[in-house]
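This report refers to the structure that appears directly beneath it.
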Amino acid sequence: MKKRILFQLLLVLALAALGGAMMYIGRGHTVYFDNKAQDYQGQSYPAPYKIEIYLGEGTGGESVAKLYDRERGSAVQIGQTITVTLVITQEKGGDEQEPVTCSIPLPHSMDGPVINLPAYLAGLPEEAYLSEFVPMVTQEPEEEVPGGDEMGLGDEMGLGDVLA
């Protein structure tokens with residue numbers, strides 16, 4: 001009897017440990033990339049003309065986005081670090097720079113991290129280049145529900161007396 005209880009307890013602990021490990025290493029993120037100018041501590045960091053983003057090291061990986069100035073792209077990442085390769089063109093008609101490979105840690109507390117690439121590439125701290133995506137909530141107008149006094153069927157016709 002004691003062996004059975006001990007075995008069940010060990011099984012529950014093993015499953016809890018496995019669940020905790022999977023939550024840590026297997027969490028999926030939708031990561032957003034911004035190519036927008038950033039102002040930080042009184043200094044401006046301009047956005048390049050175009051940034052091409054590839055998942056993984058090198059440009060042979062999956063092409064995620066081609067962002068022009070003031071554009072946003074996204075990628076889905078499983079795990080706590082995203083590795084991307086960036087091909088940057090500073091100005092229109094200019095030459096592409098050498099590809100830059102970046103491994104960016106993703107915080108556990110954010111569901112949709114937004115990475116401002118000009119701020120990240122300038123070497124600014126995490127609070128300058130990282131924010132959380134907050135979807136804009138639009139409130140739809142309420143529909144009028146037919147019935148009641150709006151249809152002219154109130155107590156004027158004496159329905160209240162009939163139903164009582």
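Fair warning: this is a prediction, and the values are worked out from it, not measured in the lab.
With hydrogens and angles ignored, the 3.5 Å screen pairs no side-chain donor or acceptor of E132 with any backbone N or O of P113. Formation of a donor-acceptor pair under 3.5 Å by the T30 side chain with backbone atoms of D111 is not found in this model. Under a 3.5 Å cut-off, the side chain of Q77 and the backbone N or O of T81 do form a donor-acceptor pair. In terms of modelled atom types and a separation under 3.5 Å, the side chain of Q38 and the main chain of P118 share no donor-acceptor contact. Using a distance-only test at 3.5 Å, with no hydrogens or angles considered, a donor-acceptor pair links the side chain of N35 to the main chain of P48.
The CG atom of L15 lies 11.0 Å from the CG atom of L10; values are rounded to the nearest 0.5 Å. In this structure, the separation between CG on L6 and CG on L11 is 11.5 Å, given to the nearest 0.5 Å. To the nearest 0.5 angstrom, L124 atom CG is 8.0 Å from Q43 atom CD. Between the CG atom of D34 and the CZ atom of F133 there is a distance of 9.5 Å, given to the nearest 0.5 Å.
In the hydrophobic clustering of ILVMFWY residues, with side-chain heavy atoms under 4.5 Å counting as a link, Y54 and I51 come out apart. Linking ILVMFWY side-chain heavy atoms closer than 4.5 Å, directly or via other members, places Y45 and I88 in two distinct hydrophobic clusters. A continuous path of hydrophobic side-chain contacts links V31 to Y129 [ILVMFWY only; heavy atoms under 4.5 Å]. L55 and V76 fall into different hydrophobic clusters, where Ile, Leu, Val, Met, Phe, Trp and Tyr side chains are chained together by heavy-atom contacts under 4.5 Å.
For E127, the CD atom sits in a packed shell: over 12 heavy atoms of surrounding residues, nucleotides or ligands are nearer than 6.0 Å. Taking a 6.0 Å sphere around CD of Q90, one finds it holds more than 12 heavy atoms contributed by other residues, nucleotides or ligands.
Annotation: side chain of L121 is in contact with side chain of L86 (closest heavy-atom distance under 4.5 Å). Residues I115 and L130 have side chains in contact (heavy-atom distance under 4.5 Å, counting atoms from C-beta outward). Counting heavy atoms from C-beta on, the side chains of V64 and V84 never come closer than 4.5 Å. Between Y40 and N116 there is no side-chain heavy-atom pair separated by less than 4.5 Å. Residues R72 and V114 have side chains in contact (heavy-atom distance under 4.5 Å, counting atoms from C-beta outward).
When all heavy atoms are compared, the tightest approach of G73 to L67 is N-CD2, 3.4 Å. Shown here for S74 and Y32, the closest heavy-atom pair between the two residues is CB-CD2, 3.7 Å. Closest heavy-atom contact between A47 and D69: CB-OD1, 3.2 Å. Annotation for Y68 and K66: closest pair OH-CD, 3.7 Å, computed over non-hydrogen atoms.
Qualifying salt bridge (charged side-chain N to carboxylate O under 4.0 Å, His left out) partners for K36, counting only residues two or more places apart in sequence or in other chains: none.
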